[in-house]
Amino acid sequence: MQLMSKQIFEITVFPGDGIGIEITPACLALIQAAIDKVGGLKLNFTSFEAGANYYQQHGVALPEQAMEHAKNSDATLLACMGMPSIRYPDGREIAPQLELRETLDLFAGVRPVKTLPGIPLPLEDARGKQLDFVLIRESTEGLFASRESFSINGSGSEEFATDTQKISRKGCERLFEFAFSLAKQRKGLGYKGEVTCVDKANVLGSFYYMRQIFDEVAANHPSLAASHIYVDAAALQLVRQPWQFDVMVTENMFGDILSDLGAGLMGGMGMAPSADIGERHAVFQPCHGSAPDIIGQGKANPTAMFMSAAMMLNWLGLQHQNSAIQQAGRFIDKAIELAYASGEILPYELGGSDGTEAITNKVFSSLALL
Ligand code: ATP
């Protein structure tokens, strides 16, 4: 008897704050269109309010019921959360997406840096127009681990503040195994098959510790290349010759910074997707924030959220051995590529005059051609 693969998927959705509320309906409609094109699948979307505005109204950023739903669903799709004007009493911004990462133990922040044809890109070299590498950011510890335990000590001219970095053996081992496994998959598709550990092992002992664990894990994968680079040199190389990288892996804070650099290489924040992946759960969200400067103007670029949705469909397909849902993800990626390759759309953020509606319409009409 042949086992039927799962056909019905429960998805927790967080439109969040700011432009998140504007781009989420378009993204859900696009997923539905891609699913309909494949046929035989059902995605049940359950949306929850959470984020900075929710915190302002209710005193909590992420309701317990929403967290429970996320824990029990097949995947979570999140637009963006946070508002610079709404903060916790200690001055930190409201960022329940960090709480989700920690509670669901989503240790691998996957940030693909893949350029699309038809949009202006910062690097002049032709190789800079065809980038295709992945940055993996550790997402549960590192320097962000102390975000809840911030304290100011001493007083007067002796006053000081400290944030403590946490790098654990378990955190490193599972992160590096994930990175090598991704590099192996990519090698099968014709990529280089190299993992580069980005650290600051020449200055901080915690990074030296991290690098040693990287070398131990690398030794288990002799068919793949392993290399190291200091974070400052990585920043330089990401601007000068980013095409040299295949899979980069780094600590939480470094990954936060370098992934925005990666978004810049793709043209802008509205073009950069991401996934935060754990053993059983995963949250998919664009790299950008709530963009308070363009709220309500129809200027938000939904592309990064569309790409994140395609990553979600691909991940669900891999988790459940369901090639149909992966095909739906490929349809979304292909429709985005076609839409931009046509040269008929250019988002506001890249100097054009197309906002959420025009970009969504073009992606839908491209999907219809597939
Ligand atoms: P955060 O501080 O959480 O990163 P943010 O929205 O303040 O959030 P970014 O996401 O880095 O910061 O975005 C910086 C700017 O880039 C925004 O203020 C906005 O002008 C622009 N931007 C970001 N995302 C988009 C988007 N999807 N569409 C159009 N413009 C965007």
Side-chain angles (χ1 to χ4, degrees), residues 107-115 121-123 125-144 165-266 272 274-277 287:
F107 59 89
V110 179
R111 313 280 190 264
V113 180
K114 190 164 189 254
T115 48
L121 296 169
L123 299 187
D125 190 302
R127 290 169 292 182
K129 316 269 181 227
Q130 293 171 5
L131 297 176
D132 191 350
F133 65 93
V134 183
L135 175 74
I136 302 173
R137 159 190 180 182
E138 202 294 325
S139 298
T140 55
E141 47 184 44
L143 194 52
F144 278 31
Q165 162 148 295
K166 177 183 170 193
I167 304 276
S168 73
R169 172 163 283 277
K170 178 183 167 205
C172 288
E173 283 176 350
R174 64 185 184 176
L175 180 76
F176 298 143
E177 284 296 348
F178 184 96
F180 279 98
S181 151
L182 180 65
K184 191 172 171 193
Q185 269 175 42
R186 283 171 60 88
K187 194 173 180 184
L189 298 170
Y191 294 88
K192 213 163 139 187
E194 175 173 3
V195 182
T196 306
C197 177
V198 182
D199 59 43
K200 194 71 187 166
N202 51 338
V203 175
L204 294 177
S206 56
F207 281 120
Y208 182 67
Y209 173 77
M210 178 174 126
R211 184 181 276 218
Q212 284 176 308
I213 299 171
F214 175 79
D215 289 344
E216 284 170 29
V217 174
N220 298 332
H221 300 274
S223 65
L224 299 166
S227 54
H228 314 111
I229 190 167
Y230 296 133
V231 66
D232 41 343
L236 177 74
Q237 291 305 325
L238 280 168
V239 173
R240 288 181 76 179
Q241 299 186 333
W243 46 86
Q244 70 184 275
F245 296 114
D246 181 12
V247 175
M248 304 175 85
V249 63
T250 191
E251 177 272 333
N252 205 342
M253 175 84 154
F254 287 171
D256 185 37
I257 299 165
L258 294 181
S259 61
D260 270 26
L261 207 166
L265 293 172
M266 284 184 274
S274 86
D276 290 306
I277 297 179
C287 286

task = Please check if the distance between the ring centroids of F180 and F214 is under 6.0 Å.
result = yes
inquiry  = Measuring from atom CG of D256 to atom CD of E251, what distance do you get when rounded to the nearest 0.5 angstrom?
reply    = 9.0 Å
note = When every non-hydrogen atom of M266 is compared with those of A272, the smallest separation belongs to CE-CB, 3.6 Å
For K166, salt bridge (charged side-chain N to carboxylate O under 4.0 Å, His left out) partners two or more places apart = none
key: Qualifying residue, where the test is side-chain contact (heavy atoms from CB on, under 4.5 Å) with N202 and the options are Y230, F207, Y208   = Y230
query = Looking only at heavy atoms, which two atoms of K187 and S223 are closest? And how far apart?
reply = NZ-O, 2.8 Å
message = Quick check: closest heavy atoms across D246 and G193, and the distance to 0.1 Å?
response = OD2-N, 2.6 Å
ask   = Is it true that atom NZ of K114 has more than 12 heavy atoms of other residues, nucleotides or ligands lying nearer than 6.0 Å?
value = no
remark   = What one should report as the nearest heavy-atom pair of C172 and I213 is CB-CG2, 3.6 Å
key: Distance in Å, F133 CZ paired with L265 CG, rounded so as to fall on 0.5 Å steps   = 5.5 Å
key: Interatomic distance, C197 atom SG to I136 atom CD1 [nearest 0.5 angstrom]   = 11.0 Å
query = Would you say H228 and T196 make side-chain contact, with heavy atoms under 4.5 Å?
reply = no
key: Pair listing, salt bridge (Lys or Arg N to Asp or Glu O under 4.0 Å) test, anchored in residues 227-242, at least two apart   = K200-D232
ask   = Which pair of heavy atoms, one from V231 and one from V198, lies closest together, and at what distance?
value = CA-CG1, 3.6 Å
